Structure formats: C-alpha cells, structure tokens
Amino acid sequence: MKKLIQTLTLVFFAAILTACGDGPDKTAKTFFEELFSGDASKAAELVYLPPEAAQAGMTEEAMKGKLSMAAAEMQQQIKKSDGKISVSTGEVTYTNADKTEARVTVIFKGKKDGNEQEKSQKVSVIKTGQGWKIKM
C-alpha cells in the first residue's frame, strides 16, 4: 500500500510539472497532433473560447463538433499523403509585453504524390489560467 501511495504521489507531481512546463510551442504542436490523430476532444481542450464567443452562441460542444469535422477531413488528407505527417514548431514570437500572447510557427512535413512537402503556418496562442491555449 505504501508503494502504491508513493507511486501515485510521484505521478501526480510529474503531471503538475509537465502542465506547468507547457509553453506556447508545445501547445500548438499538441493541438495539431491531436487533430491529425482524430482526437477532437483533446484538441478542443487546447482551444481558447473568449467570453464574446459564448455570447455569440459558440459553446465548447459546438467547438468540438467543428474540430471533429476538421479532424475527419485532415485524416482523409493524411491517407492521401502516405499516412504520415509530422508536426514541429519553429519561431515563437510574443506579441505583448506580458508574454501572455504569442504567435508560433508550426511546420508540417509529409508526402504528396510521392514528393516530400513542407508547409508552415503561424498560430496565435494565449496564456490562460489553464495554461496556453490556441486562439481562434
């Protein structure tokens, strides 16, 4: 029993340290990896919904629905590209003095028609009480 409690305590503190260590680049990378794997629920947890979105009728469930559709479409595209797309991050540029908002360059690599292709995209992120989130 003592070993079990020690193990659970260790796992708990490791999870806390991991959550604290997530930066804007890790959040952006994880978001796209979850979308590409088809897990829209996990991807939706990384999206920031501002108060104005709730007032306009955008709920977390609606966001999950839209992300589910996007994930399904992405998976079809991945199948066409030999089933492999890798996600990495590049430059992180903070857009305010408090360093609570940033733009992250996300780099996608895969094959299309047998040729290696690379595409990059800038993603906006914001630091919230729950960590870094994708700002849409």
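Note that the structure is a prediction, hence the values are computed from the model and not measured.
In this structure, a donor-acceptor pair under 3.5 Å is absent between the side chains of Thr93 and Arg103. Looking at Lys122 and Thr105, their side chains do bring a donor and an acceptor atom within 3.5 Å of each other.
Judged by distance alone, with hydrogens and angles left aside, the side-chain atoms of Glu101 form no donor-acceptor pair with the main-chain N or O of Tyr94 at under 3.5 Å. Put simply, the side chain of Lys127 never gets that close to the backbone of Pro24: no donor and acceptor are under 3.5 Å apart. Thr30 contributes no side-chain N or O that, together with a main-chain N or O of Thr27, makes up a donor-acceptor pair within less than 3.5 Å.
Cluster membership for Ile107 and Ile134, using ILVMFWY side-chain heavy atoms within less than 4.5 angstrom, is not shared. Residues Val123 and Leu49 share a hydrophobic cluster, clusters being chains of Ile/Leu/Val/Met/Phe/Trp/Tyr side chains in contact below 4.5 Å. There is a path of hydrophobic side-chain contacts, each under 4.5 Å, that joins Met136 to Val125.
Note on Lys29 versus Glu33: salt bridge recorded, some NZ/NE/NH1/NH2 to OD/OE distance being below 4.0 Å.
Two residues are said to be in side-chain contact when any heavy atoms from C-beta on lie closer than 4.5 Å; Phe108 and Gln121 meet this criterion. Using a 4.5 Å heavy-atom cutoff, the side chains of Lys133 and Val47 are not in contact.
Atom OG of Ser88 and atom NZ of Lys109 lie 5.5 Å apart (nearest 0.5 Å). Expressed to the nearest 0.5 Å, how far CH2 of Trp132 lies from CG of Asp25 amounts to 9.5 Å. From Glu61, atom CD reaches atom NZ of Lys66 across 13.5 Å, with rounding to the nearest 0.5 Å. Put simply, OG on Ser37 and CD on Gln75 are 7.0 Å apart, with the number rounded to the nearest 0.5 Å.
The two residues Thr95 and Ala102 come nearest to each other via the heavy atoms OG1-N, 3.9 Å. Nearest heavy atoms, Ala40 versus Leu67: CB-C, 3.7 Å. Nearest heavy-atom pair, Lys99 versus Asn96, reported as atom, atom and distance to 0.1 Å: N-OD1, 3.0 Å.
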**Request:** List the steps, then state whether side-chain contact (heavy atoms from CB on, under 4.5 Å) holds for Glu45 with Glu60.
**Result:** CA-CA 9 Å; Glu45 291 173 8; Glu60 284 186 40; over 6 Å; no
**Asked** Should Val87 and Val106 be marked as a side-chain contact (heavy atoms from CB on, under 4.5 Å) after you check the CA-CA gap, both sets of side-chain angles, and the distance that decides it?
**Response** CA-CA 7 Å; Val87 180; Val106 181; 3.7 Å; yes
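A cation-pi arrangement, defined by a distance under 6.0 Å to the six-membered ring centre and an angle within 45 degrees of its axis, is absent between Lys135 and Tyr48.
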